[in-house]
Amino acid sequence: MKILKANQMHEKIETVVTDSYKKIEKSVVDGYKKIEDKFVDTFLKKDGESIEEAKFRVQEEQRKLEEQNKARVNNSLKKSCDINNKYVK
């Protein structure tokens, strides 16, 4: 009987803790999103562009820059290998 009550109490505590965590997590994420949207609105948004459009544009610009940097690194490595191969022979 005591084990059953202890188990029920444990489950109740588990539910309360989990629900509390979820509420805190949601409020933190919502707060972050508000700050992010305000930042995008203030510093990144162009005339006539919505916040969502600005976020998408910035993500695309970032993706393109990462691709360009990856290509530059690969080209540099290839040139370095070509130079090393030239002197190794």
Side-chain angles (χ1 to χ4, degrees):
M1 190 67 161
K2 288 183 179 182
I3 294 175
L4 181 61
K5 284 185 179 182
N7 193 28
Q8 289 172 342
M9 189 62 127
H10 179 271
E11 289 173 359
K12 188 174 184 179
I13 291 170
E14 179 183 341
T15 301
V16 169
V17 169
T18 303
D19 291 347
S20 298
Y21 174 82
K22 288 178 181 178
K23 287 178 187 176
I24 292 169
E25 181 182 39
K26 183 179 180 337
S27 65
V28 169
V29 170
D30 290 346
Y32 174 82
K33 286 180 181 178
K34 284 181 184 179
I35 293 168
E36 179 183 51
D37 287 349
K38 185 65 177 171
F39 179 84
V40 170
D41 187 37
T42 303
F43 297 107
L44 302 176
K45 192 170 88 168
K46 294 183 177 179
D47 292 334
E49 192 176 46
S50 72
I51 291 173
E52 291 304 316
E53 291 169 335
K55 286 180 181 181
F56 181 77
R57 177 182 47 79
V58 169
Q59 287 174 346
E60 284 298 307
E61 290 171 357
Q62 182 66 32
R63 185 187 59 75
K64 287 177 185 177
L65 286 172
E66 288 172 359
E67 286 177 5
Q68 290 172 354
N69 287 338
K70 191 181 237 182
R72 284 187 192 126
V73 168
N74 287 339
N75 286 338
S76 294
L77 289 172
K78 185 176 183 283
K79 287 179 184 178
S80 177
C81 288
D82 290 346
I83 290 170
N84 286 338
N85 288 339
K86 180 178 178 181
Y87 290 110
V88 170
K89 292 180 182 179

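Counting from 1, the numbers follow the sequence of the chain as shown.
- Under the 4.0 Å criterion applied to side-chain N and carboxylate O atoms, R57 and E60 are not assigned as salt-bridge partners.
- Annotation: side chain of E61 is not in contact with side chain of K64 (no heavy-atom distance under 4.5 Å).
- In this structure, the separation between CG on D37 and OG1 on T42 is 10.5 Å, given to the nearest 0.5 Å.
- Taken together through direct or relayed side-chain contacts under 4.5 Å among Ile, Leu, Val, Met, Phe, Trp and Tyr, F39 and V58 form part of one hydrophobic cluster.
- Here the straight-line distance linking atom CG of N74 with atom CG of N69 works out to 11.0 Å at 0.5 Å rounding.
- Contact detail for K55 and V40: the closest heavy-atom pair is CG-CG2, 4.0 Å.
- Between the CD atom in Q8 and the CD1 atom in I13 there is a gap of 12.0 Å [rounded to 0.5 Å].
- Both I51 and F43 belong to a common hydrophobic cluster when Ile, Leu, Val, Met, Phe, Trp and Tyr are linked at side-chain heavy-atom distances under 4.5 angstrom.
- Between E49 and K45 the shortest heavy-atom distance is O-CD, 2.8 Å.
- For the residue pair R72 and N75, no side-chain donor N or O sits within less than 3.5 Å of a side-chain acceptor on the partner.
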**OP:** Please lay out, stage by stage, how Q62 and Q59 fare under the test side-chain contact (heavy atoms from CB on, under 4.5 Å).
**Re:** CA-CA 5 Å; Q62 182 66 32; Q59 287 174 346; 5.6 Å; no

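- Rounding to the nearest 0.5 Å gives a distance of 12.5 Å between CD of E25 and OG of S20.
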**OP:** Begin from the C-alpha positions of K23 and D19 and carry the test salt bridge (charged side-chain N to carboxylate O under 4.0 Å, His left out) through to its verdict.
**Re:** CA-CA 6 Å; K23 287 178 187 176; D19 291 347; over 6 Å; no

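- For CG of L65, the number of neighbouring non-hydrogen atoms (other residues, nucleotides, ligands) closer than 6.0 Å is greater than 12.
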